[in-house]
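Worksheet: one structure, shown below.
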Amino acid sequence: DDAELLKARLSGLKSFTAAFSQTVKDEQGTAVHEAQGAITMTRPNKLRWETAMPDETSLIADGESVWHVDFFVEQVTVMSQQQAIENNPMVLLTSNSEAIWQQYSITQVDDNAFNVSPLSGNGQIRTLTVQFDEAGLAGLVMLDSQQQQSVIQFTGRKFNAVISPEQFSVAVPDGFMLDDQRS
Amino acid sequence: CAARLPQPEGQIDLPEQLAKLRQISTWEISGKLAIKHPDQSLSANLRWQTQQPDFEFRLSNFLGITLVDMQNTRDGAVLEADGETYTDPSASLLLYQMTGWDIPVNQLLSWIKGVPKTGDIYQLDEHGLVSELKPACQQCAGWIVSYGRYQQVDDVWLPHALTLTNPLQPDHSIKIRIYKWTLN
């Protein structure tokens, strides 16, 4: 079924690094926000998502916790990864867990794209579209309940390169507030 | 990094600038908004479209997912969240009831351009642009607005950074960074 096809497309992916450009469009298609940054991911369960433009913010999932470093308010928020990934289809990019995959409906929409939606119908992301090209993972589109679309294109992609563990460790910048939401 | 945008030089003719700004009732800003508390701060991407008095005030997270989408018309504010629709005559009150975020949205509508109203006390920077505003209206409840990063948009100078502080709530402040102004 389509889930197995998506799993197969992702199975060869041990690690992934790329630059991204992001355009957020509202339901009329007008641009709401534009950003650029970089993504680093190792399967399973590790992800670093860093925006550089127009402002600095980074999200690091280290396998146990998810750290959000917000330079605008000088705060680091940390929550358990379990809590953070609830109903978030992005988790399928890094998770091999059968139990997690079964929480999502997956449909192949064309040769190179799959739509992923939480079966529970909850969560901020209604549908995540995972896009591939002949080289591999190529882009993501997140659709939310207001029909706002966050379109992400990857460039300068590297597949299965060696990733240093440093990429997923977080030092709280001095002077930043730590908001620890782990139960 | 981004080239330094031209800064105001010399003295700006404030009355003329304010007269032009008062004409502008249709504008759009995209930027970032933060609410700072001692225990927990929040920041979100802001998109604010206005055709006064109507406006749409949308906050999204850095992944591009909507956190709050509020519409305001003469008949009051409407906010959609998790498939439910909520209304209140005051946008500020509705936002506070729904999210706990205390943002004086209605008053901010007139402060955002840096245009003082009669009775407001304000200070000017070295170029003659409003650097700080102490609004006089009753519901303004002690807010102080400071302005920065003035840049020219069409033929007016507009602030691209605002900070709202309130002596009545010393540990609560609001920071707004505007990346782009679009006028009518």
Side-chain angles (χ1 to χ4, degrees), chain A residues 20 22-28 30-35 37 39 47 49-59 68-77 84 87-90 121-128 140-152 176-181, chain B residues 1-3 5 28-49 56-71 78-85 101 149 151 160-164 171-182:
Chain A
F20 68 76
Q22 173 188 28
T23 305
V24 179
K25 296 183 203 151
D26 67 12
E27 57 286 0
Q28 277 101 25
T30 44
V32 168
H33 178 68
E34 270 144 17
I39 178 175
L47 170 80
W49 183 281
E50 239 165 343
T51 49
M53 286 289 297
D55 64 312
E56 248 186 287
T57 195
S58 47
L59 182 103
H68 177 208
V69 184
D70 185 329
F71 290 84
F72 191 56
V73 285
E74 293 171 349
Q75 173 177 277
V76 175
T77 306
N87 295 316
N88 186 338
M90 287 276 281
N122 302 330
Q124 295 176 322
I125 299 176
R126 276 290 175 273
T127 305
L128 169 71
L140 301 169
V141 178
M142 294 174 231
L143 181 73
D144 73 14
S145 46
Q146 310 287 342
Q147 302 306 312
Q148 179 163 292
Q149 270 198 336
S150 176
V151 180
I152 291 160
F176 277 41
M177 208 170 13
L178 178 62
D179 172 23
D180 193 335
Q181 297 179 358
Chain B
C1 72
L5 291 167
E28 176 178 334
I29 54 174
S30 78
K32 190 146 198 170
L33 178 140
I35 304 165
K36 297 192 83 167
H37 278 288
D39 46 2
Q40 194 181 43
S41 298
L42 155 106
S43 85
N45 291 320
L46 167 67
R47 204 272 301 260
W48 201 350
Q49 284 178 316
E56 191 212 354
F57 179 89
R58 180 175 293 203
L59 297 175
S60 313
N61 67 20
F62 70 98
L63 281 177
I65 304 300
T66 310
L67 299 172
V68 160
D69 180 44
M70 182 163 61
Q71 322 276 341
V78 178
L79 189 147
E80 279 165 42
D82 308 331
E84 296 288 335
T85 304
W101 305 334
R149 291 180 184 252
Q151 281 155 29
H160 287 66
L162 284 86
T163 305
L164 280 70
D171 46 22
H172 170 76
S173 69
I174 295 168
K175 209 168 126 177
I176 297 174
R177 177 80 172 80
I178 296 171
Y179 305 135
K180 189 161 174 264
W181 275 96
T182 311

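Only this structure's heavy atoms are used, side chains among them; waters, hydrogens and symmetry mates stay out.
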Legend entry - N-O pairing of Glu27(A) and Arg58(B) below 4.0 Å: yes

Legend entry - Rounded distance [0.5 Å steps], OG1 in Thr30(A) versus CD in Glu28(B): 7.0 Å

Inset, instruction - Tell me, for Lys36(B) versus chain A, whether the close heavy atoms (under 4.5 Å) come from the side chain, the backbone, both or neither. - result: side chain

Legend entry - Minimum heavy-atom distance Gly64(B)-Gln148(A), with the two atoms named: O-NE2, 2.8 Å

Inset, instruction - Between chain A and each of Thr66(B), Asn61(B), Ile35(B), count heavy-atom pairs under 4.5 Å; write down the option with the most. - result: Thr66(B)

Legend entry - Glu34(A) portion near chain B, given a 4.5 angstrom heavy-atom threshold: neither

Inset, instruction - Give a yes or no on whether Lys25(A) atom NZ has more than 12 heavy-atom contacts from other residues, nucleotides or ligands under 6.0 Å away. - result: no

Inset, instruction - Look up atom CG in Leu63(B) and atom CG in Asn88(A), then write down how far apart they are to the nearest 0.5 Å. - result: 7.0 Å

Legend entry - Under 4.5 Å from any heavy atom of chain B - which part of Gln124(A): both

Legend entry - Atom pair CD1 (Ile65(B)) and CG (Asp144(A)), whose distance is rounded to the nearest 0.5 Å: 5.0 Å

Legend entry - Any His37(B) side-chain heavy atom under 4.5 Å of Asp179(A) side chain: no

Inset, instruction - For Leu42(B) and Val73(A), work out which heavy atoms get closest and say how close. - result: O-CG1, 3.8 Å

Legend entry - chain B contact via Gln147(A) - which portion, at a heavy-atom distance below 4.5 Å: neither

Legend entry - Minimum heavy-atom distance between Ser41(B) and Met177(A), given as atom pair plus value: OG-CE, 3.2 Å

Legend entry - Best-contacting candidate, Met90(A), Met142(A), Glu74(A), against chain B by heavy atom pairs under 4.5 angstrom: Met142(A)

Legend entry - Option in Thr23(A), Asp26(A), Val24(A), Thr57(A) with maximal non-hydrogen atom pairs under 4.5 Å from chain B: Asp26(A)

Legend entry - Phe72(A): ring-ring contact (aromatic ring centres under 6.0 Å, His included) partners, not counting sequence neighbours: none

Inset, instruction - With side-chain contact (heavy atoms from CB on, under 4.5 Å) as the test, would you mind laying out the steps for Val32(A) and Gln49(B) before giving the verdict? - result: CA-CA 10 Å; Val32(A) 168; Gln49(B) 284 178 316; over 6 Å; no

Legend entry - Within the 6.0 Å centroid threshold, strictly below: Phe62(B) and His33(A): no

Legend entry - Side chain / backbone / both / neither for Ile29(B) at chain A, heavy atoms under 4.5 Å: neither

